[in-house]
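Before any comments, here is the structure.
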Amino acid sequence: MSTPAGRRLPRRSPRRRAALGAGLAGLLATGLLTGAAPAPASAAPAAAAAPDIPLANLKAHLSQFQSIAQANGGNRAHGRPGYRASVDYVKGKLDAAGYTTTVQQFTSNGSTGYNLIADWPGGDTDSVVMAGAHLDSVGSGAGINDNASGSAGVLEVALAVARSGYRPDKHLRFAWWGAEELGLVGSRHYVGGLSSSERSKIDGYLNFDMIASPNAGYFVYDDDPRIERVFKDWFAARGVPTEIETEGDGRSDHAPFKAAGIPVGGLFTGAGRTKTTAQAQKWGGTAGVAFDRCYHSSCDNTSNVNDTALDRNGDAAAHAVWTLSSGATAPPPGGVFENTADVPIPDGGPAVESPITVTGVPGNAPGALRVGVDIRHTYRGDLVIDLVAPDGSAHRLKGSGTDSGDDVVATYTVDASSEAAGGTWRLRVQDVHRYDSGHLDDWSLTF
Ligand code: DTR
Ligand code: CA
Ligand code: ZN
Ligand code: ZN
């Protein structure tokens with residue numbers, strides 16, 4: 001690779017001029033001035049990485065739902081004032097964040113029920129990704145795990161989309177269902193009101209009903225393999241084992257979508273069933289005790305929440321929404337994942353990172369994981385480049401030095417066989433000396 005003739009030589013400090021000659025000689029010796037590593041393979045851009053969903057935000061919503069119940073007869077049940085107050089709370093947050101919200105009315109058991117639907121403007125409306133949770137409780141209590149937890153998780157993911165200004169390829173729609181506890185009434189009403197054309201546009205529906213059970217298990221719906229894989233990879237990349245949700249189909253709001261032929265998935269931390277010894281060994285908690293001892297009881301309040309489960313499931317939900325709405329959910333041919341977003345590299349400043357979320361690649365990464373890097377820079381000796389695996393471990397690709405050439409267009413090979421393939425990988429780049437600058441143009445992973 002050579003610096004194109006006639007290109008303005010970049011400004012350099014006195015220290016660097018002295019190194020220039022040595023650097024050039026060094027580069028000639030290593031062939032870097034002549035060998036051009038292939039540019040990264042082209043492929044569909046990989047999904048942008050979802051932001052972390054702050055646990056504090058989730059718990060603040062749970063506190064609000066608890067207060068709403070306390071101010072309205074102790075519950076948030078269908079037909080009771082606490083339910084409508086819950087709808088108003090969620091709607092207020094979404095309206096303020098820029099969503100287009102719709103309150104859909106229906107009648108059940110002689111009372112008016114409400115679904116809240118929130119569309120994030122933009123994206124291909126012929127390709128809709130939905131995430132939802134039922135907002136109603138049973139009459140006996142505040143319904144914090146069942147299902148303020150899922151409602152808060154979906155709300156906080158929606159707010160994270162707005163905060164980040166995420167502009168997904170697909171259209172995002174979020175929903176909070178009424179009267180689930182009466183028999184999936186709100187979600188059935190919504191799906192039943194869709195035309196066949198509207199149904200065909202929904203690429204997938206993600207359901208979150210009870211995601212913070214005190215004696216938590218980590219269950220993934222196995223209805224659609226593609227969606228299931230997104231969730232399982234996310235947990236596997238963090239060393240959290242999962243099981244298939246087996247409390248029976250039809251037990252929550254994904255059922256009407258599935259019956260309409262729409263791919264569904266979701267997360268669940270367990271209800272009245274007891275945790276087995278084997279499950280307690282892998283997840284912690286207490287064997288022989290129900291996943292949620294306060295299921296449908298008055299003690300389902302803000303003390304009936306497992307923070308770790310709530311945090312993990314909130315983050316997993318965000319990851320799934322980002323991954324499934326990016327338009328790059330299936331691995332490009334040959335297992336190449338790429339991020340073409342330009343990232344400026346601060347001259348002599350802090351490291352920057354660029355993410356690639358890998359899905360659909362089971363097991364561990366290969367012993368010869370290829371990392372394509374394309375950095376435009378006026379003095380590549382300034383640059384330190386690391387590949388950071390989903391578990392946070394760093395693999396050094398390039399150190400700094402006196403290599404005065406421009407740009408880094410190279411493919412590095414990393415033995416990543418100890419790393420789970422699924423999850424978010426990051427390229428970390430730092431410019432450790434002043435007076436030259438540049439940006440990351442593109443990078444890729446080939447499995
Ligand atoms: N029907 C839910 C609780 C529930 C029971 N089994 C599952 C399976 C998957 C999600 C939820 C559930 C409720 O009481 O709201
Ligand atoms: Ca988090
Ligand atoms: Zn319930
Ligand atoms: Zn529920």
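Just the heavy atoms: all of them, side chains too, but no hydrogens, waters or symmetry mates, feed the values below. When a ligand or atom number is given, it counts from 1 through the structure's own listing order.
Within D315, the N/O/S atom positioned nearest the Ca ion (ligand 2) carries the name OD2. Of all N/O/S atoms in D52, OD1 sits nearest the Ca ion (ligand 2). Among heteroatoms of the N, O or S kind in D311, OD1 lies nearest the Ca ion (ligand 2).
Every pair passing side-chain hydrogen bond (donor to acceptor under 3.5 Å, both in side chains) that includes a residue from residues 419-431 is listed here, sequence neighbours excluded: E353-R428, T357-T424, H377-D431, S393-E419, H395-E419. Among residue pairs with one or both ends in residues 92-102, those qualifying as salt bridge (charged side-chain N to carboxylate O under 4.0 Å, His left out) are K91-D95; sequence neighbours excluded. Among residue pairs with one or both ends in residues 307-317, those qualifying as salt bridge (charged side-chain N to carboxylate O under 4.0 Å, His left out) are K59-D307; sequence neighbours excluded.
Using a 4.5 Å heavy-atom threshold, the side chains of F231 and L206 count as touching. Taking the side chain as every heavy atom from C-beta outward, E181 and H134 approach each other to under 4.5 Å.
Taking the six-membered ring wherever Trp is involved, the centroid distance between the rings of Y190 and Y205 does not fall below 6.0 Å. The aromatic ring centres of Y89 and W176 sit 6.0 Å or more apart.
Around the Zn ion (ligand 4), the protein contributes the following N, O or S atoms under 2.8 Å, ordered by chain and number: H134 NE2, D146 OD1, D209 OD1, D209 OD2.
Backbone or side-chain N, O or S atoms of I53 reach the Ca ion (ligand 2) at under 3.0 Å.
Nearest heavy-atom pair, D203 versus P263, reported as atom, atom and distance to 0.1 Å: O-CG, 3.2 Å.
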